[in-house]
Amino acid sequence: MAPFTTIGVGGAAALLLSLEDAAGLSEALSLLRVEGVPHTAVGAGSNLVVGDAGYRGVILKLGDGFHFIDEPVPHPSRVGGAASTHAPTDTGPSALSVVAGAGLHLPRLCSLLAGWGLGGLEFCCGIPGTLGGGVAMNAGAHGGELARVVEAVQVARGDGVHWLAADALEWGYRHCGLPPGAVVTAVRLRLQQTPEANIRALHRRYLQQRRQGQPRGARTFGSTFRNPPGESAGRLLDQAGMKGARHGGAEVSTVHANFIVNCGDARAADVLYLMSLMREAVYRKHEVLLEPEVRVLGARLPWETGA
Ligand SMILES: Cc1cc2nc3c(=O)[nH]c(=O)nc-3n(C[C@H](O)[C@H](O)[C@H](O)COP(=O)(O)OP(=O)(O)OC[C@H]3O[C@@H](n4cnc5c(N)ncnc54)[C@H](O)[C@@H]3O)c2cc1C
């Protein structure tokens with residue numbers, strides 16, 4: 001799985017299935033459920049660490065058929081339809097809805113929307129995940145999060161393909177309460193007509209902030225731990241002296257203490273061990289127990305095994 005994750009570690013999966021449409025994905029999910037085969041969706045693998053022993057199950061990837069974007073249409077509240085109550089401030093006269101495939105990478109989607117003069121998703125321009133993974137994680141940055149832009153989510157399950165209103169999902173910090181086993185296949189976004197130059201200026205500003213505050217060109221999965229309420233995990237880790245800490249081929253970034261970097265030959269075991277060192281250091285210094293933001297597949301976190 002190493003080539004399918006941004007950190008670049010992890011053993012093999014039993015099978016990787018690339019699907020091209022939501023109905024086919026639903027059929028696959030139905031079969032996997034009937035046969036009792038473990039399976040999981042993987043997007044860009046930008047928030048994922050897979051264990052060295054790999055994953056004894058099926059990885060579901062969204063193929064090119066999920067890289068579409070439909071022409072914008074007026075927001076339902078402008079044509080007499082039911083308006084979402086999720087972000088009532090965004091339903092003014094310039095609001096438009098766009099349906100995009102969940103396999104699209106967020107930076108590419110942001111660039112396409114900029115070309116159409118549609119703003120609202122600028123905060124995602126530097127998040128290297130897919131739209132589906134972004135929804136599953138309620139990805140956010142620069143004060144924005146997907147929960148505030150998503151109007152409805154199309155999911156495939158073993159029992160078919162369904163549209164779910166965003167209001168019906170329980171959103172939280174890096175959390176979207178998708179029904180168990182649901183794979184996001186498309187998303188309806190609520191956007192605002194905005195001059196392209198303004199959107200691109202925001203993109204430049206946000207990308208510049210990332211270049212200054214995050215390791216550049218490094219193999220990483222972004223934030224390792226969630227921010228505790230009212231705190232920054234990166235700041236706590238920095239104060240605990242973790243910048244530059246190393247185990248095997250994994251290192252805590254010297255630029256951002258909440259980022260782990262694969263120095264080239266890291267194994268998942270190095271990454272997971274380093275995570276436990278980081279967590280322990282923060283607990284010793286601040287008596288705060290950090291919770292992981294990164295998703296772990298085919299391995300257990302050291303502190304959950306008692307190691
Ligand atoms: C350099 C860098 C910077 C980052 N900056 C940010 C940031 O600013 N803000 C932020 O929130 N995150 C950030 N991340 C983390 C990551 O990019 C996001 O969490 C992103 O949304 C993950 O999307 P993905 O497609 O890579 O999901 P994956 O990592 O592939 O999967 C993550 C989880 O989502 C599930 N999933 C994936 N696709 C689907 C789907 N279609 N349907 C249902 N479930 C699915 C997976 O099963 C898994 O549980 C950063 C990562 C990196 C490497």
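All figures in this text were calculated on a predicted structure; none of them were measured in a lab. We count ligands from 1, going down the list as the structure has it; atoms in each ligand are counted the same way.
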Q: Parallel under 30°, tilted from 30 to 60°, perpendicular over 60°: which one fits the rings of Tyr206 and His142?
A: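 Correct class here is parallel.
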Q: Show, in sequence, the C-alpha distance, side-chain angles and deciding distance for Arg267 and Asp270, and conclude whether the salt bridge (Lys or Arg N to Asp or Glu O under 4.0 Å) test is met.
A: CA-CA 5 Å; Arg267 297 172 308 132; Asp270 299 334; 3.3 Å; yes
Q: Taking atom CZ of Arg56 as the centre, does the number of heavy atoms from other residues, nucleotides or ligands within less than 6.0 Å exceed 12?
A: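 Count not over threshold, so no.
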Q: Any idea which residues sit under 4.0 Å from ligand 1, heavy-atom distances?
A: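 The 4.0 Å shell around ligand 1 contains Thr6, Thr40, Ala41, Val42, Gly43, Ala44, Gly45, Ser46, Asn47, Leu48, Leu62, Ile127, Pro128, Gly129, Thr130, Gly132, Gly133, Gly134, Ala136, Met137, Ala139, Gly140, Ala141, Arg174, Ala182, Val183, Val184, Arg210, Gln214, Thr220, Phe221, Gly222, Arg295.
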Q: Pick from Val98, Leu121, Thr130: which one makes a side chain to side chain contact (heavy atoms under 4.5 Å, CB included) with Leu109?
A: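 Passing option: Leu121.
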Q: Could you check Val99, Leu131, Leu113, Leu189 and say which one makes a side chain to side chain contact (heavy atoms under 4.5 Å, CB included) with Ile69?
A: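 Among the candidates, only Leu113 passes.
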Q: Between Arg174 and Glu293, is the closest basic N to carboxylate O distance under 4.0 Å?
A: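 A salt bridge links Glu293 with Arg174.
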